[in-house]
Amino acid sequence: MTITEPVTHAADDEFDAPLTNPFPGADRFTWTRAFSEALALETELPPQITDAVAAFVVRPKTYLTRPRGQQDWRIRPGVIAPDPQTGLRVLTVRTHGFAGTPTEYNERVRGTFDSPAQPDPDPERTLPTLVTGASEDGTALPYLTTAQPVPAATLNSLLGIMDKALDTADQGRTYNLCDDLRTFGQHTSTLHVPLLRNIAEVHAGQPTTRQVVDLVAITGSNRSRARLRLHGLTAEQISFGIPTSRLFLNDPKPGEPARPSHIADPSTWVPAYSNALRDAYDKPDHPLHGTARDAAMVATVQLKIIVGAEASTAAGELHNTVFDPNRTDHRRPPLDYPIAEKSSADMRAVLRDATTRGRIMEVQRAWLAGEGTAPDGVPSNALDARDVRERALWAMAFPEDREHDREVAQVLGEPKRYNTGAKDVGLRLRMVSAAVALGYRNRWNPRLIDGVFGYNFIKDGHHQADLPHWTDALIAAANNTTDLRQFLNTRGLHWLAAYDLIEADRGSADAQKEGRRSGVNARNAMLEPGRSVRAVGLLWEVARAMEHGRPPRQVDADGAPVEGSRADQTWFNQVFPKVTKARAKGKGKGVGSRTDATPPNQPPPSKQQVLVGAQNVLVHQATSALPSAVQNLVRATRSTVDAGLAAGEGGLQNMPPDSVRALFQAVSLVQQDLRNLQGTLLDMQHGPAVVVPSEVERFLNETAVGTW
């Protein structure tokens, strides 16, 4: 696992720390247990979940009441309240500041992961299917879990990808979030939901499923991550355990088993860590003193935790409902998120609404949203299956049924139909394009198909239901320019972008600056008189390339493929040159715990962590080991020069010729390797690089066998 160093400051007066110790420490276990029991009575959450939630709550007694004549403690009125906008039941409590983690299911980072809808997704980059929790008899319960246990290595990889993606997303912020929370604290509550992680590990040689409850953020992933960093923790540690050395637990009594190296059970580590931070705050010599001072302004925070839904929400749909606030935030975001993430969130919101209204089943929603595999009845052929999915997405975004179209408009916040325009058409086009891209290995900017439909498309009641199968559509396109235009609008441009035959990132600032052609321009070029035969031939060739998993070939003027050739963007621009017509200007998201106390195994490093480790070794070798070796060589040369002067001769005059030759050869080969490595390092800054064979390595190997 990657261990993030705590954020520390050289001096305590760099920010306004509280005058008194802000860390409350652990509460009495009896009150924590009473809170857990009361929460279970109120929500029907299982004890494993309520014990984990209760562990993070500060002063749980303040949220409890015991009605006259009853023995059971209950949650005070108002502590759990329905959200009028979402229908979710939300628990509002003050917790330790390290409660809550970012989630890999956040809308703005989903596009970073492989979609199950794309061909051959990488399991270590594919998000496991989320489902609503259930009791042993199958009754839906208000928490999240995964449909299947997740291998530890896979979860570790997913959390690493999430962390890197959140770094990228946070670049849109004009200030450093950790610094802001360190100085001013957190004044807006983050929203969380319990996620019961089932982690597949091996203990004592036997496969085991370890469970840990994670309070993942629905809104506020980056703030949750920043709070963890200030407290010296990471999201990986919540799942795979806090180092026991950071908990300062008492040594086990004689006869008790030794403590594991990491502890993931929140009922154990949360009270221990809260006590450690409280002790460290006023003790400069405490190992956690710098961490405690950094986290002082967020020592405790108000947290909102989803613990249920109103009766109007269908049983078992909590795993979809809880993300509605997140989808809304990222469709109308306070920060500038990538257009693909905004558009994907729009499409998922439309699909979510259609599921709620009974228009599609959950298995269809998950597939269309790029979150699940194809349902039964979808063709096994990858190209046909992809075509079925794309036609369904077009029908969902531009439905024929007027009532369904009004539902889509309501989800997207569109005006009345007669007031819709280019902005509304463009939003729907982008959300379809972003969703379609999830079915391809190479994705594109959803602005690719901006403008393929006119600004009156919605106003005039046009739809995209009942699109023909791709083979029927291409057969019709060979004889009718209108059919060819329709195919290019709905599928062809995406096919071409998937193979980089047309610009797949037209929306970037660099692309606009360089005046690259748009998807509409490429479409219009293929529709020019005399080019339709070649255009249709190219589309057939792209289809064949998809079926056989190879690059498409060039096609001649008659649409026939040219053997031994390969179609690329340069060739496409030559045979379908840019149309130079003037374009119209337009307007452009503890003790006695019932939690799982199984000591966590540390997962094998993910690909990202292996890369970080290799980078660290490279930096060390280049900045420390290599200069040291050169310095030692310089010193040895100086010593030999001095010794030669003292003996009245040159330092190498009396050396055996073979040794002199080997010396000069070694230095020359080192120079050659360094020149080659410098070129490799430059290449690595911009993409994959090829490592050249090492002449020094060959020299050492051949010297070892006596050939020099």
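One-based numbering along the sequence shown.
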Are any of the side-chain heavy atoms of H494 and I449 separated by less than 4.5 Å? yes
Working note: S157 + S606, criterion side-chain hydrogen bond (donor to acceptor under 3.5 Å, both in side chains); need CA distance, chi angles, decisive distance, verdict. CA-CA 5 Å; S157 173; S606 66; 5.0 Å; no
Answer yes or no: is there a donor N or O on one side and an acceptor on the other, between the side chain of R223 and the main chain of L181, under 3.5 Å? no
Would you call D179 and R182 a salt bridge, using N to O less than 4.0 angstrom? yes
Backbone N or O of T32 within a donor-acceptor pair of the D27 side chain at under 3.5 Å? no
The reported gap from OH in Y273 to CZ in F248 (rounded to nearest 0.5 angstrom) is 8.5 Å
Shortest non-hydrogen contact from M396 toward A354: CE-CB, 3.3 Å
Under 4.5 Å between any side-chain heavy atoms of R430 and I339, yes or no? yes
Applying side-chain contact (heavy atoms from CB on, under 4.5 Å) to K342 and M431, what does each step give before you reach the verdict? CA-CA 8 Å; K342 298 178 189 176; M431 73 181 194; over 6 Å; no
Does the side chain of T300 reach to within under 4.5 Å of the side chain of P22, using non-hydrogen atoms? no
Go through the steps to decide whether T291 and H289 satisfy the test side-chain hydrogen bond (donor to acceptor under 3.5 Å, both in side chains), and finish with yes or no. CA-CA 5 Å; T291 299; H289 178 69; over 6 Å; no
Would you name the heavy atoms of P60 and F35 that are closest together and state the gap between them? CB-CB, 3.7 Å
Nearest heavy atoms of V322 and L88, plus distance in Å: CA-CD1, 4.1 Å
Would you kindly check if the NZ (Lys) or CZ (Arg) of R293 is within the cone defined by 45 degrees around the ring axis of Y281 and under 6.0 Å from the six-membered ring centre? yes
For R76, what residues pass the salt bridge (charged side-chain N to carboxylate O under 4.0 Å, His left out) criterion, not counting sequence neighbours? none
Chi angles and distances behind the side-chain hydrogen bond (donor to acceptor under 3.5 Å, both in side chains) call for T595, D51: CA-CA 7 Å; T595 52; D51 278 4; 5.8 Å; no
Do you see a donor-acceptor pair shorter than 3.5 Å between the side chains of T126 and D114? no
Going by atom types alone, do E201 and N601 pair a side-chain donor with an acceptor below 3.5 Å? no
Salt bridge (charged side-chain N to carboxylate O under 4.0 Å, His left out) partners for R89, two or more places apart: E42
Would a distance-only check, ignoring hydrogens and angles, find a side-chain to backbone donor-acceptor pair under 3.5 Å from T95 to V57? no
Kindly indicate whether the side chain of V58, heavy atoms from C-beta on, has any atom under 4.5 Å from the side chain of H96. yes
Residues L144, V131; criterion side-chain contact (heavy atoms from CB on, under 4.5 Å); working and verdict: CA-CA 6 Å; L144 306 184; V131 296; over 6 Å; no
Nearest heavy-atom pair of V216 and P102: which atoms, and what distance? CG1-O, 4.4 Å
Just checking E407: does its CD atom have more than 12 heavy atoms from other residues, nucleotides or ligands closer to it than 6.0 angstrom? yes
Keeping the roles fixed (side chain from R125, backbone from F113), state whether a donor-acceptor pair exists under 3.5 Å. no
Which atoms form the tightest heavy-atom contact between V411 and V350, and what is the distance? CG1-N, 3.9 Å
Between the CD1 atom in I305 and the CZ atom in F56, the distance rounded to the nearest 0.5 Å is 9.0 Å
Less than 4.5 Å apart, side chain to side chain, heavy atoms only: is that true for L427 and D346? yes
Atom CD of Q148: over 12 foreign heavy atoms under 6.0 Å: no
Please lay out, stage by stage, how R210 and D596 fare under the test salt bridge (Lys or Arg N to Asp or Glu O under 4.0 Å). CA-CA 7 Å; R210 180 174 59 86; D596 191 340; over 6 Å; no
Below 30° counts as parallel, above 60° as perpendicular, anything between as tilted: where do the rings of H231 and F23 land? perpendicular
Is the backbone of G100 close enough, under 3.5 Å, to the side chain of H192 for a donor and an acceptor to pair up by distance? no
Which value, rounded to the nearest 0.5 Å, describes the distance between D424 atom CG and E414 atom CD? 4.5 Å
Between M347 and A435, the two heavy atoms sitting closest are CG-CB, 3.6 Å
Measuring from L233:CG to R229:CZ, what's the distance to the nearest 0.5 Å? 12.0 Å
Measure the CG-OG distance between D214 and S239 for me, rounded to the nearest 0.5 Å. 5.0 Å
H262 side-chain N/O to I242 backbone N/O, donor-acceptor pair under 3.5 Å: no
W444 side chain to S433 side chain, donor-acceptor N/O pair below 3.5 angstrom: yes
Whether T146 side chain and P149 backbone form a donor-acceptor pair below 3.5 Å: no
Is it true that a side-chain atom of T244 and a backbone atom of P260 form a donor plus acceptor pair closer than 3.5 Å? yes
Run the numbers on V79 and T92 for side-chain contact (heavy atoms from CB on, under 4.5 Å), then give the verdict. CA-CA 6 Å; V79 176; T92 303; 5.8 Å; no
May I ask you to decide whether D83 forms a salt bridge with K304, counting only side-chain N to carboxylate O separations under 4.0 Å? no
Candidate pair L412 and V408, rule side-chain contact (heavy atoms from CB on, under 4.5 Å), full reasoning: CA-CA 6 Å; L412 300 177; V408 173; 3.9 Å; yes
Hey, does the Lys NZ or Arg CZ of R110 hover above the aromatic six-ring of F323, less than 6.0 Å from the centre and inside 45° of the axis? yes
Does the side chain of S36 reach to within under 4.5 Å of the side chain of V53, using non-hydrogen atoms? no
Under 3.5 Å, is there a donor-acceptor pair between the E124 and T154 side chains? no
What do the steps show when you test R227 against Q186 for side-chain hydrogen bond (donor to acceptor under 3.5 Å, both in side chains), and what is the final call? CA-CA 9 Å; R227 289 201 313 268; Q186 177 176 298; 2.7 Å; yes
Go through the side-chain N and O atoms of T356 and R352 and say whether any donor and acceptor fall under 3.5 Å apart. yes
Look at the side chain of R225 and the backbone N and O of D163, then say whether any donor-acceptor pair between them is shorter than 3.5 Å. yes
Applying the side-chain hydrogen bond (donor to acceptor under 3.5 Å, both in side chains) test to R365, which of T355, N320, D353 qualifies? N320
Measure the CG-CG distance between L318 and L141 for me, rounded to the nearest 0.5 Å. 10.0 Å
With a 4.5 Å heavy-atom cut-off, do T43 and I80 have their side chains touching? yes
Polar side-chain atom of Y63 near backbone of R94 as donor-acceptor pair, under 3.5 Å: yes
